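In what follows, chains carry the letters A, B, and so on, assigned in the order in which the sequence lines appear, proteins first and then strands, with residues in each chain numbered from 1. Hydrogens, waters and symmetry mates play no part in the numbers below; they use all other heavy atoms, side chains included. Source: prediction; values computed, not measured.
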Amino acid sequence: MTGAGGIGYALIALGPAFSLFVTVIASKPFLILTVLGSAMMWLVSLIACGLLWRAFLPGAVWVFLPLLITVVAIQEAVRIYYWHLYLKIEDFLNKLATKVSKQQLVATDKIQIAIASGLGHGIAHSVFFCLSLLTPAFGPATYYVDSCVHMPLFLVAAFTALGFLLLHTFSMVIAFNALAGDKRSHQLFVPVMHLCAALLTLVNLLPGGCIAGVPLTLMCAVVTMAVAGKIVWDKTGSGSGDLNSLHRVHSASRL
Amino acid sequence: MEKAILESVGGEIVSIVTPVSICMLLVVLLVHTLTPHGSVVAPIATVAMMVYSEKPNDSLFEKLRGGFLNGIIFVCIVMIVTFVLFGLFYFRFTKCLRVYMGFSAFMVLAWMGGTVMVELIQFFSIPIDVITFGICLINFASVGVIAVFFCQMPIVLTQGYLVVIGMLVAFWFTKLPEWTTWTLLISMAVYDIMAVLAPVGPLKMLLELAMTRDEEIPALIYEARPVLPRQMPGPPPTSSSSTTVQPRRWSHLGAPPHSLLNIAIGRGNSAGLNVDSDNFQTSNLGTVGGHELMNFVTEPPIAPEAGLLGSRLVSSTEDAGTLNSVSSVLAGHQPIDPNVDEDTVPLVNPGTRNMAAVDRMELGTQMQPRDLDEDELERNDEGFGLGVSGALKLGLGDFVFYSVLVGRAAMYDLMTVYACYLAIVGGLGATLILLAVWRRAMPALPISISLGVVFYFLTRLIMDPFVVDLATHLVFF
């Protein structure tokens, strides 16, 4: 509904991503390229899922369950593949650093690359699942789905996109850390959390379900953020919490 | 404390991706505003539609066949014009080329720009009178021509005008009917491969001629800012293209034995203009070509350890991004008016330092005034390359075709726009990587255009219904 509404929805879905981008990513060109690359990889996985399930949609409601399971499986497989790609790039960057007499990658660098990759996934999700639907929202009216008379479609989509953006961003941090350190519990945490969040959105299919569905999604995002925060806190030693000061201590805590 | 590697890697790529993104964004905004969904845009009669004029009632086969014929004819005309420009360059009709270049840029800015402005004024109901509008338009176009071709101006102004020229031409191209647009894009991508890689390709011949003659290739180029300031002093100012004062335009830097292509370091020299000693500015060369936009990335002469990313890494004395050593030249072309064709310029990989892609013959050349380190000259033995500058250069034709693709995607839905944008940027990155790996002249258009077309059709046919269905059921993943 009107320009203000449309912009509002867009900001709900992408505001935190924008601030993350400006503070962490914009100053380092390599991270910008990482965001674009991981967004493209997410898009390819989405197209693959679409190819798989296009014939079944629009269809019966029960189709969503196997659809979600297979789709989450595909995306987690892509995440593992992305991790292997990242290892090669990390190797390359370290060699490059040696040749130009600069420091090799330190823990904060790796965390930043993980954030950038996760943000690429998250932004791609938000853009395709929310932003591209928002064009009608700039008009004079709004739209309610049958199963959710409490909130317009755009609002539900915006909040859910926000939740998934945060989830994708920080589960990439967790995943990188877990795969590097070979921690089983965290390795399992990421796909399980992703699957939980996806299945919880099925609650939205029930009449009036979005009242519960949206907060549940956001809660999943908060849990993921907490776990990722704890990992980063542990990893960077006893320095203060913000990323900038970590640069000062990283020489002491090279991991 | 040493600076981290992450600070500087990739700066040049971002400095080229940014203006491409801005151009695409402007075209999408224009298309979205001025082309309401569902309206039938009356196709304009152009040379691209000589053979077949698409009507909505034609069958699919008719449209495909007609579009295909249009594309073939267009590519043939482009090829002929490229050869004509090559001939002009060969016989040294530089003044003719220069005048043509300035004239065509003025036409783009004044005529196409004026048309777009009139449409915008009508859409937003802006109260402005004809006389004011005329004066503003003439001034805008004149400053644009001067900024791009003739004078040293603040580089932001030159860059801005180049992006605007690319945007206007791309917007004009989106007015073509749908099937013709797609077949045109695909035909130009195929032609690009041929023109760059085949031995008789006009662009390849043009580049080699310029190398042997040690002259600048006429081109319309976007030049990105150097990432970090260079310590090299600029070349001494000259008032003519005398060769006694200036060093050779094309120096052949040899590649190390196991390697890479060579780079030719070209020096910018502006005939009749004083070359600014500021490294960041481009000088307009006297030889102005036809529709060639040459794009080459040049770097300032760097320390002897400079090498190529990937096989010989550089230890640059400057703090420049390490990708400085991998510069690619992407060439694009600029269609001047409906009767003008565009050529594609091959992507030429110069060698250890620069990679140049010469896409098309374009009017106007932009070279960087550059100081050449004599020791580096001796170090190299063969190969060719293009001008040395601190910045990455991209030909305007690439801007145009990328924006045409994205603009046409915008006519369907914003989801296709996002998908095509990611595809094009991915293709651009892949082209740069291939350039670094293969080290030879490579066309800039094919990978991006083919990825973009594939993603457009996949998104439109498969992903759009999939995502919309999921979203309207409020199921996300």
Side-chain angles (χ1 to χ4, degrees), chain A residues 28-33 36-37 39-40 43 46-47 49-51 53-54 57-58 61 64 68 71-72 75 93 95-97 99-106 109 112-113 124-125 127-129 131-133 135 145 147-148 153 156-157 160-161 164 194 197-198 201-202 204-205 210 213 217 251, chain B residues 1-15 17-18 32 37 227 305 307 309-310 312-316 319-323 325 413-419 421-423 425-426 429 451 454-455 458-459 461-477:
Chain A
K28 300 192 160 76
F30 182 76
L31 294 179
I32 299 180
L33 295 173
L36 287 171
M40 184 165 180
L43 173 64
L46 185 65
I47 291 184
C49 301
L51 274 172
W53 284 97
R54 170 75 176 93
L57 292 173
V61 163
F64 287 129
L68 280 181
V71 159
V72 169
Q75 289 201 330
L93 280 179
K95 285 210 194 89
L96 188 61
K99 295 278 175 92
V100 298
S101 331
K102 289 206 177 128
Q103 261 179 334
Q104 307 234 331
L105 288 180
V106 296
D109 288 337
Q112 282 179 335
I113 297 182
H125 173 98
V127 160
F128 283 98
F129 275 97
L131 215 59
S132 44
L133 303 172
T135 319
V145 194
S147 60
C148 186
L153 164 71
V156 176
T160 316
F164 272 100
H194 190 181
T201 62
L202 283 177
N204 291 331
L205 288 170
C210 53
T217 314
S251 51
Chain B
M1 186 175 71
E2 289 170 342
K3 285 185 81 167
I5 186 74
L6 221 51
E7 305 270 337
S8 49
V9 168
E12 290 88 355
I13 300 185
V14 170
S15 71
V17 167
T18 311
H32 206 58
H37 278 278
V227 176
E305 304 91 33
L309 205 63
R312 262 189 345 158
L313 292 178
V314 188
S315 76
S316 165
D319 212 13
T322 50
L323 284 180
S325 45
D413 191 27
L414 281 185
M415 194 180 296
T416 44
V417 169
Y418 302 130
Y421 170 76
L422 281 176
V425 169
L451 271 181
V454 163
F455 270 58
L458 275 179
T459 306
L461 297 172
I462 294 186
M463 217 182 76
D464 198 33
F466 178 69
V467 168
V468 168
D469 189 58
L470 278 177
T472 46
H473 282 100
L474 302 180
V475 172
F476 299 93
F477 55 87

Item checked: Working for side-chain contact (heavy atoms from CB on, under 4.5 Å), residues A:Leu36 and B:Leu422 -> CA-CA 7 Å; A:Leu36 287 171; B:Leu422 281 176; 4.1 Å; yes

Check: What part of B:Val475 gets closer than 4.5 Å to chain A, counting heavy atoms only: side chain, backbone, both or neither?
Finding: both

Item checked: B:Phe476 to A:Thr160 - nearest heavy-atom pair and separation -> CD1-CG2, 3.4 Å

Note to self: Does any part of the side chain of A:Leu43, heavy atoms only, come nearer than 4.5 Å to the side chain of B:Met463, both counted from C-beta?
What the structure shows: yes

Next item on the list: Below 4.5 Å from any heavy atom of chain B, which atoms of A:Phe30 appear? Answer side chain, backbone, both or neither.
Entry: both

Checklist line | Minimum heavy-atom distance between A:Leu51 and B:Ile462, given as atom pair plus value | finding: CD2-CD1, 2.9 Å

Next item on the list: Just say parallel, tilted or perpendicular for the rings of B:Tyr418 and A:Phe128, cut-offs at 30° and 60°.
Entry: perpendicular

Notebook entry, point to check: Taking all atoms of both residues into account, what is the closest heavy-atom pair of A:Phe164 and B:Phe477, and its distance?
Noted result: CE2-C, 3.6 Å

Check: Taking the side chain as C-beta and beyond, is there a heavy-atom pair between A:Leu33 and B:Val14 under 4.5 Å?
Finding: yes

Notebook entry, point to check: Is there side-chain contact between A:Leu133 and B:Leu414, with at least one heavy-atom pair below 4.5 Å?
Noted result: no

Item checked: Minimum-distance pair of heavy atoms, taken over all atoms of B:Met415 and A:Ser132 -> CE-OG, 3.3 Å

Item checked: Step-by-step side-chain contact (heavy atoms from CB on, under 4.5 Å) determination, A:Ile32 to B:Thr18 -> CA-CA 11 Å; A:Ile32 299 180; B:Thr18 311; over 6 Å; no

Checklist line | Between A:Cys210, A:Cys49, A:Ala124, A:Cys148, the one whose heavy-atom pairs under 4.5 Å with chain B are most numerous | finding: A:Cys49

